*Asks:* 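One structure is given below, represented as structure tokens, and several questions about it will come after.
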Amino acid sequence: MTGRFDGRVAFVTGGSRGIGKSIVQGFAEEGAKVAIIDVNEEALSETTNEFKEKGFEVYQKVADVVDAQQVKMAMKEVVDTFGSIDILVNNAGVIRDNMLFKMTDSDWDTVMGVHLKGSFNAAREAQKYMVENKYGRIINISSTSALGNRGQANYATAKAGLQGFTKTLAIELGRYGITVNAVAPGFIETEMTKQTAARIGISFEDLIKASVSNIPVGRSGKPEDIANAVAFYADEKSSFVNGQIIYVAGGPKD
Ligand SMILES: NC(=O)c1ccc[n+]([C@@H]2O[C@H](COP(=O)([O-])OP(=O)(O)OC[C@H]3O[C@@H](n4cnc5c(N)ncnc54)[C@H](O)[C@@H]3O)[C@@H](O)[C@H]2O)c1
């Protein structure tokens, strides 16, 4: 059987759970070799074992996207093991929600660090290999929060920043056969949104219900919804789609 990503190597940051895990699974099911870095050691080893049992070829490493050296080492090992990095997904993310008057320096710096510095570190390192191969797909995970969201001054700023980053890299790297695009998810059921429910003091079920009431398709998002959009950008055939932001939110945004 031939798969859409046969012979490709996909590197996914924060790929051990939630949206990232689903992205990794989608690539592997369609033939890619996959590499995951994550700071959550336990989730990483669980997910890797699960994927290996399915027969997927997986590289895994505990590494922090904020640390350029750790990213560099992991990418070198992936290229030494699998031969290339064809697809990079900047998915690792955290929230430190708070109203502005309560937001700490650490809330701000942590969110900027993981989303912006992390994506910068990974993209700068991956492009070296991609430019050499004259092929690459970089996909950044933004959010509908980029358009503004109460309690998320840090996160909204970072996710909007990622959109500018996406468009700029698309302009710089297009000539090397590398496209750079972003997916901006709406409400997706993951540990991250469970954390939101806990912070505002309601059950996850109630948060889902409240969110769905504002979603035109009448359901909440699942990680697979995002993996599907990521796979579209990652497809070799999407070579004329560059510098775009697709909102995957069950309805129009922006
Ligand atoms: N869940 C949603 O509704 C939603 C909506 C819009 C955007 N997003 C974005 O999608 C991405 C995935 O989110 P999720 O909902 O799956 O969250 P999640 O918390 O389930 O997964 C995030 C993963 O990133 C990892 N990570 C965090 N910091 C890291 C670091 N410094 N280095 C490496 N890995 C790190 C975590 O350990 C975790 O495995 C994030 O960028 C998030 O901002 C999520």
Side-chain angles (χ1 to χ4, degrees), residues 11-26 35-48 60-75 88-97 109-122 125 139-149 152 154-163 165-166 182-199 204 207-208 210-212 214-215 219-227 229-230 245-250 253-254:
F11 190 104
V12 181
T13 69
S16 65
R17 71 179 199 194
I19 292 171
K21 181 179 176 186
S22 186
I23 291 169
V24 173
Q25 175 153 343
I36 309 173
I37 61 165
D38 206 297
V39 287
N40 185 334
E41 197 169 346
E42 200 185 325
L44 182 61
S45 76
E46 245 174 58
T47 294
T48 307
Q60 57 104 1
K61 180 124 194 166
V62 175
D64 183 344
V65 291
V66 182
D67 186 325
Q69 276 311 312
Q70 291 182 20
V71 172
K72 185 182 174 140
M73 281 307 296
M75 288 203 182
L88 165 67
V89 184
N90 284 314
N91 164 81
V94 291
I95 47 174
R96 294 287 185 276
D97 296 355
D109 292 343
T110 301
V111 169
M112 293 304 150
V114 176
H115 297 273
L116 291 178
K117 184 76 192 323
S119 299
F120 166 71
N121 284 339
E125 201 53 37
I139 298 134
N140 299 317
I141 306 299
S142 178
S143 168
T144 51
S145 295
L147 304 167
N149 199 25
Q152 290 198 315
N154 49 1
Y155 184 82
T157 303
K159 291 306 199 184
L162 269 182
Q163 298 194 7
F165 184 62
T166 300
V183 177
F187 182 88
I188 310 295
E189 290 180 33
T190 68
E191 291 304 317
M192 188 178 271
T193 38
K194 277 187 195 155
Q195 214 179 310
T196 304
R199 180 182 62 87
F204 192 43
L207 180 65
I208 292 171
S211 303
V212 168
N214 291 317
I215 300 175
R219 69 169 178 87
S220 59
K222 302 285 187 297
E224 302 74 54
D225 292 310
I226 305 310
V230 167
I245 317 297
I246 185 172
Y247 283 85
V248 180
K253 296 281 167 186
D254 92 295

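All ligand and atom numbering here is 1-based and tracks the order in the structure. In this text, all values refer to a predicted model and were calculated from it rather than measured experimentally.
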*Asks:* Which option out of N90, T196, I188 puts a heavy atom nearest to atom 2 (C) of ligand 1?
*Replies:* I188
*Asks:* Counting each atom of ligand 1 from 1 as listed, which ones have a heavy atom of D64 under 4.0 Å away?
*Replies:*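 Atoms satisfying the 4.0 Å criterion: 30 (C), 31 (N), 32 (N).
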*Asks:* Would you check whether V65 has a nitrogen or oxygen atom less than 3.5 angstrom from a nitrogen or oxygen atom of ligand 1?
*Replies:* yes
*Asks:* Can you say whether the rings of F120 and F165 are parallel (under 30°), tilted (30 to 60°) or perpendicular (over 60°)?
*Replies:*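 Answer is perpendicular, since the angle exceeds 60°.
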*Asks:* Nearest non-hydrogen atom to atom 4 (C) of ligand 1 belongs to which of A146, G93, G18, G186?
*Replies:* G186
*Asks:* What do we get for I19 next to ligand 1 when only non-hydrogen atoms under 4.0 Å count, side chain, backbone, both or neither?
*Replies:*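 It is both backbone and side chain that touch ligand 1.
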*Asks:* Are T13 and ligand 1 in contact, using a heavy-atom cut-off of under 4.0 Å?
*Replies:* no
*Asks:* With no hydrogens and no angle check, is any side-chain donor or acceptor of Q70 less than 3.5 Å from a backbone partner on A63?
*Replies:*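 Side chain of Q70 to backbone of A63, a donor-acceptor pair under 3.5 Å: no, none is there.
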*Asks:* In the protein, what heavy atom is nearest to atom 19 (O) of ligand 1, and what distance, to one decimal place, separates them?
*Replies:*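 Result for atom 19 (O) of ligand 1: R17 NH2, 2.8 Å.
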*Asks:* Below 3.5 angstrom, do we get any N/O pair linking S143 and ligand 1?
*Replies:*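 The answer is no, given that S143 and ligand 1 share no N or O pair closer than 3.5 Å.
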*Asks:* Relative to the heavy atoms of S16, which atoms of ligand 1 are at a distance of less than 4.0 Å?
*Replies:* 39 (O)
*Asks:* For atom 40 (C) of ligand 1, what's the nearest protein heavy-atom neighbour? Residue, atom name and distance, please.
*Replies:* N91 O, 3.1 Å
*Asks:* Return the closest protein heavy atom for atom 39 (O) of ligand 1 as residue, atom name and distance.
*Replies:* D38 OD2, 2.7 Å
*Asks:* Closest non-hydrogen protein atom to atom 8 (N) of ligand 1, residue and atom name please, with distance?
*Replies:* Y155 OH, 3.4 Å
*Asks:* Which of the atoms in ligand 1, numbered in the order shown and given with their element, are less than 4.0 Å from a heavy-atom of V94?
*Replies:*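 Those of ligand 1 that fall under 4.0 Å from V94 are 27 (C), 28 (N).
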*Asks:* Out of all atoms in ligand 1, which are within 4.0 Å of some heavy atom of H115? Include the element for each.
*Replies:*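 Heavy-atom distances to H115 below 4.0 Å select 41 (O), 43 (O).
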*Asks:* Quick check on contacts: which atoms of ligand 1 are under 4.0 angstrom from a heavy atom of A63?
*Replies:*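 In order of number, 32 (N), 33 (C).
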*Asks:* Tell me whether ligand 1 is touched by S142 - counting only heavy atoms on the residue side and a distance under 4.0 Å.
*Replies:* yes
